[in-house]
Amino acid sequence: MTREVVVGAAQLGPIARSETRAEVVERLLALLRRGADHGCELIVFPELALTTFFPRWALDDGGDGEISGDTTELDSYYETAMPNAAIQPLFDEAKRLGVGFHLGYAELTDPDEPAAGTSDGIRHRYNTSILVDAAGEIVGRYRKVHIPGHEHYEPWRQFQHLERRYFEESPDGFDVHEAFGGIFGMAICNDRRWPETYRVMGLMGVEMVLIGYNTPLNYAPDPSQNPLQAFHNHLVMQAGAYQNGTWVVGVAKGGIEEGVESLAQTAIIAPSGQIVAQATTIGDELVMAHCDLDMCERYKKTLFDFDRYRRPEMYSLITAPRGPKALVEGTPAIPEELRKAPDPIRNPIRNSSDSDDVNEAGVQ
Ligand code: CDT
């Protein structure tokens, strides 16, 4: 018997700054019910699915230090409990329909709440997603690892991307969860661009990675990338799926939100790297696919048989502290053991007559 999961990728169009949680939850409920009507077992909502993408605005004093000043509007975009009264209808309806869901939201932790895993007396701000099973239980929580953008107000930009001000980097990292008859993982938006995201979960046997995203089409630091946004989006998710033998479900909040245009292109991607379903609009849309989790084995047990073919001893640079910059800036920061590794390009075998101004890594 195949392990098939019917997945609905619930793309959202823009959420206005003035839109209430109740209004947004109504939109989520419409997509949830549509998915249930079509036999979906899991509905995947995007990153920060309950509010507008608020990091585009400076919502505190924007200074060098911590968040300060009047944070009333900023704080209004975070959930301090999950579920809470505003979101409970989504949990209730999903349970009634026997459908699970994935939901991204901004999390403001309760300093005294041990269940949040952060009972250090500090209120933390995370970009978070949860996985809820068909019985309405939260079976996994993930906090975004790779936080893009900038820390301070930058007046030269058309709009801000203050994620690095409003969210802390996850202290937890990646994890996988047994649910829906398989092994599920989560990542959020910018995480999808990093191969390590998929590989860490791949090493834990992930069979489906759920990813929500808000990706503005205008990338201010290098506008030459703007026309490539759609290409890069699918490139990274298709590669992540194939190279780890896993399904990937990438779900957008797209369209023109408060004057900022964001990528849509929601897609369900097979372990072969092929897109099996894709959104055709930039608004609220449900895209669905019957996903055979056993298909993962075809890749996990052949080309990407990690136990058989991986060479982790060759990859230690990947988990070394940030850097190295040696090859671009001329400051060798390569770990000692790698400097000595036989590498015909970076570390050619030397004759005793070789000049001493070449170090063991072959960097001049
Ligand atoms: N939400 C999110 O992570 N968006 C980023 C935009 C990067 S531009 C600062 C992304 O990687 O799509």
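Start at 1 and go down the list; that is how both ligands and their atoms are numbered. Throughout, residue positions are numbered sequentially from 1 according to the sequence presented.
Between Phe174 and His146, the ring-plane angle classifies as tilted under the 30° and 60° cut-offs. Using cut-offs of 30° and 60° on the angle between ring planes, the pair Phe101 and Phe91 is perpendicular. Using the six-membered ring where Trp is involved, His161 and Phe53 have ring planes that are tilted, between 30° and 60° apart.
One option in Asn218, Leu48, Asn214, Asn233 has a heavy atom closer to atom 4 (N) of ligand 1 than any other, and that option is Asn214. Taking all heavy atoms of Lys144, Glu47, His232, His150 into account, the minimum distance to atom 3 (O) of ligand 1 is reached by Lys144. The nearest non-hydrogen atom to atom 6 (C) of ligand 1, considering only His161, Gln229, Glu163, comes from His161.
A donor and an acceptor atom, one from each side chain of Asn244 and Thr246, are nowhere located under 3.5 Å apart. No donor-acceptor contact under 3.5 angstrom links the side chains of Trp194 and Glu196, judged on distance only.
Of the protein's non-hydrogen atoms, Thr215 OG1, 2.7 Å is the one closest to atom 12 (O) of ligand 1. Regarding atom 7 (C) of ligand 1, its nearest protein heavy-atom neighbour is Pro148 CB, 4.1 Å. Considering only non-hydrogen protein atoms, atom 5 (C) of ligand 1 sits nearest to Cys189 SG, 3.8 Å. From the protein, the heavy atom lying nearest to atom 11 (O) of ligand 1 is Arg193 NE, 2.7 Å.
The shortest separation from a heavy atom of Tyr219 to ligand 1 is under 4.0 Å, placing the residue in contact.
For the residue pair Asp60 and Thr71, the shortest heavy atom distance occurs at CB-CG2, 4.2 Å.
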